[in-house]
Number of protein chains: 2
Amino acid sequence: MRTVTLDDVARRAGVSRATASRALNGSNRTVGAALRESVERAAAELGYEPNLPAQALARSAGNVVGLVVHDLADPYFAVIADAVTRAADRRGLVVMVGATGRDPEREIAYVAALRAQRVRAVLLVGSRTTGTSRRLRDEVDRYRGTGGRVACVGQDLLGVPTVAPANHEGARALAHALAGLGHRRFAILGGPPELITARERTSGFRDGLAEQGLPEPVVVAGAFDRDGGHAAAASLDLSAVSCLFAVNDVMAVGAVAALRERGIDVPGTLAVAGFDDIPSLRDLVPALTTVRLPLADMGERALELALDETAVSVQVPAEVILRDSTRRD
Amino acid sequence: MRTVTLDDVARRAGVSRATASRALNGSNRTVGAALRESVERAAAELGYEPNLPAQALARSAGNVVGLVVHDLADPYFAVIADAVTRAADRRGLVVMVGATGRDPEREIAYVAALRAQRVRAVLLVGSRTTGTSRRLRDEVDRYRGTGGRVACVGQDLLGVPTVAPANHEGARALAHALAGLGHRRFAILGGPPELITARERTSGFRDGLAEQGLPEPVVVAGAFDRDGGHAAAASLDLSAVSCLFAVNDVMAVGAVAALRERGIDVPGTLAVAGFDDIPSLRDLVPALTTVRLPLADMGERALELALDETAVSVQVPAEVILRDSTRRD
DNA sequence: TCATCCTGGGAAACCGCTTTCCATGCGCGC
DNA sequence: GCGCGCATGGAAAGCGGTTTCCCAGGATGA
């Protein structure tokens, strides 16, 4: 029940601990072929596995990265998290993950926890909020002050390299595309006002409409998830509105469900569009018009940004995808 | 850029490192009020955060658990992973996660990696396979031999406490329910034959049919994901079949999409059922008949099992949920 | 032939923290 | 007034590794 240490291996191979370390775990020093071989055999026989935290302590350089998301069960974050873990694995890194449940306090707490774990980098995935940024930023700075690397997926508000989706541009392009389909009166399920992603998409969409000379849309706030979309669409006055834009796909799904319950046909009576192009939603009926974000790429990019010393923020393009949910016959 | 250590704090407070440790990080020894207070102030002023890996090394007891899933982007695993991280957080634990991409070799590699990280427990989530169990089991045993705790979600094949969903029973009950709806000729999208979960659900369903005196269903293999369901349903000969059972929900979704492409009405011409009751699929049209598994609970239970010395495997019940995708007018 | 360099091995210091173990000063009962 | 136990502080020995430093011996160059 005791765990095998490097000393055990060294003793069995009849060498010093230093030699065993050099033979097994690499070093700029070379080890004689005979000894190296006997060390390796001893290690294999004992089933030795180096104690990585101890190794990290000695080398003062670990191989774990931290990942902080809002909600792992939300497919948006799930896809990104999956991409991050795979990319990390490819680089021989392992990832520690935390879900904040969209609570900014817990996000701060996680950064502190990851600093305590002495992770090499932390990835903050998800929209920034208008409020509490100050303390989060302090915590992030403290972490970076100790040599920790940080990257974001969302908005570049923390002064760290960020993968920033083209929320404004994408929503704006979507507005143009929908106007091109002949829609004139819109409603927006705008999500929580403090969520910057939600604001960006809302204002991008408004700007697009304005550029088309179309009237102001009605905007209604709500939670950023399926139930938020459902609730907002359930209570919305839709007379005179021909198209509904939900600021993300899962809200759009909730909205479509609510509309169905109200007996409103989509897209016949009301067109609906979302944002994100969540892969697992592609078989929805009617197929959802949306703005595609390269979610998996974004996760990988974020890891690269965090690791690369010279990285700077990047915008990732968003592409309008017209499907059946906004079809006009 | 240097990180603050306990020595720094001790020096600034004018006490020994031992006292600082006792004051900040707990101990069964008491520290005088005056000193304790000045240590705490020094720590706060310096922004000290204990080096957790070092602490774990000294205490030889860390606070990280490992989680190994097949595919984080798959909502089944995403929901479980989310539940695990929340439950871990509640207990002051942090989780290291790895996605194997359904490759048994990488699952083994992850267990080794987590052993090297000296995590306190590892959770293996996902169906066992018929093949490679041997080496995985060795690796698991080696880890347990060093005091590591292990739990599974899936099948109890590794000799560790397992959360085992009632796959056989659930599928059997589903078969009875569907037979009760008047269906007589069935097809099963059976997934990969080496996946035990897939086998259990297939055989449970067959048993249910047999008990009803119904003819043998046609069974077709395929991948365990959406595309697997799509491909299988696209090529299947469906004459004489009135109901299709896909061994999980995401396959069912793919199947429904393929059927739509073939111009086959669901449920009018063909009824479809799945398994799992993935929450994010609840707004599908037609709503999917399925067998509900308490996914989030299962994740939490698995963590409990891993941590509790006296834990034994548990079965979790599965509940048939009839919805529109098998409706008969 | 001899000083010199290089190679490969081990002893010991160190990474940051915990915990034993020892020392000190105090209040207590007698 | 004295021995004793107890509370509290510090020195030092780990935890499992890495790396600096020193040393022996053989190859090399002049």
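Hydrogens, waters and symmetry mates play no part in the numbers below; they use all other heavy atoms, side chains included. Every chain is numbered from 1 and lettered A, B, ... according to where its sequence line falls, protein lines coming before strand lines.
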Judged by each residue's nearest nucleotide on DNA chain D, which is more toward the 5′ side, Ala33(B) or Asn51(A)? Ala33(B)
Find which nucleotide of DNA chain D each of Gly32(B) and Leu57(B) is nearest to by heavy atoms, and output the residue with the more 5' nucleotide.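 Comparing both residues, the 5'-ward one is Gly32(B).
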Does [N] have its OP1 or OP2 closer than 4.0 Å to a side-chain nitrogen or oxygen of [X]?
X	N	answer
Ser21(A)	dG17(D)	no
Gln55(B)	dG16(C)	no
Asn25(A)	dT18(D)	yes
Thr30(B)	dT8(D)	yes
Ser16(A)	dG9(C)	no

Whole angstrom value for the distance that separates [atom2] of [N] from [atom1] of [X]:
X	N	atom1	atom2	result
Asp7(B)	dA11(D)	CG	P	11 Å
Gln117(B)	dC15(D)	CD	P	21 Å
Arg59(A)	dG16(C)	CZ	P	16 Å
Arg36(A)	dT7(C)	CZ	C1'	14 Å
Arg11(A)	dA11(C)	CZ	P	13 Å
Arg29(A)	dC23(D)	CZ	P	14 Å
Leu52(A)	dG17(D)	CG	P	9 Å
Tyr48(B)	dG16(C)	OH	C1'	7 Å

base_contact_polar (dT18(C) base, Arg17(B) side chain, donor-acceptor, <3.5 Å):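 Answer is yes: a donor-acceptor pair is held.
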Quiz item: Arg22(A) side-chain donor-acceptor pair to dG17(D) base, under 3.5 Å: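 Checked by distance alone, the answer is no.
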Check this for me, if you would: do Glu300(B) and Arg86(B) make a salt bridge, where the nitrogen-to-carboxylate-oxygen distance has to be below 4.0 angstrom? no
CZ of Arg102(A): more than 12 outside heavy atoms within 6.0 angstrom?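 Yes - once you tally the heavy atoms of other residues, nucleotides and ligands closer than 6.0 Å, there are more than 12.
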Is a donor from one side chain sitting under 3.5 angstrom from an acceptor on the other, for Tyr110(B) and Asp89(A)? yes
Would you kindly say whether Asp7(B) and Thr5(B) are connected by a side-chain donor-acceptor distance under 3.5 Å? no
Look at all strands and tell whether Pro53(A) reaches a base, only sugar-phosphate, or nothing, counting heavy atoms closer than 4.0 Å. nothing
Using a heavy-atom cut-off of under 4.0 Å over every strand shown, decide if Thr5(A) touches base, sugar-phosphate, or nothing. sugar-phosphate
So if I take every side-chain heavy atom of Thr19(B) and compare against dG10(D), dG17(D), dG10(C), which nucleotide ends up nearest? dG10(D)
Considering residues at least two apart in sequence or located in another chain, which fulfil the side chain to side chain donor-acceptor pair (under 3.5 Å) criterion with Asn51(B)?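 Applying side chain to side chain donor-acceptor pair (under 3.5 Å) to Asn51(B) gives none.
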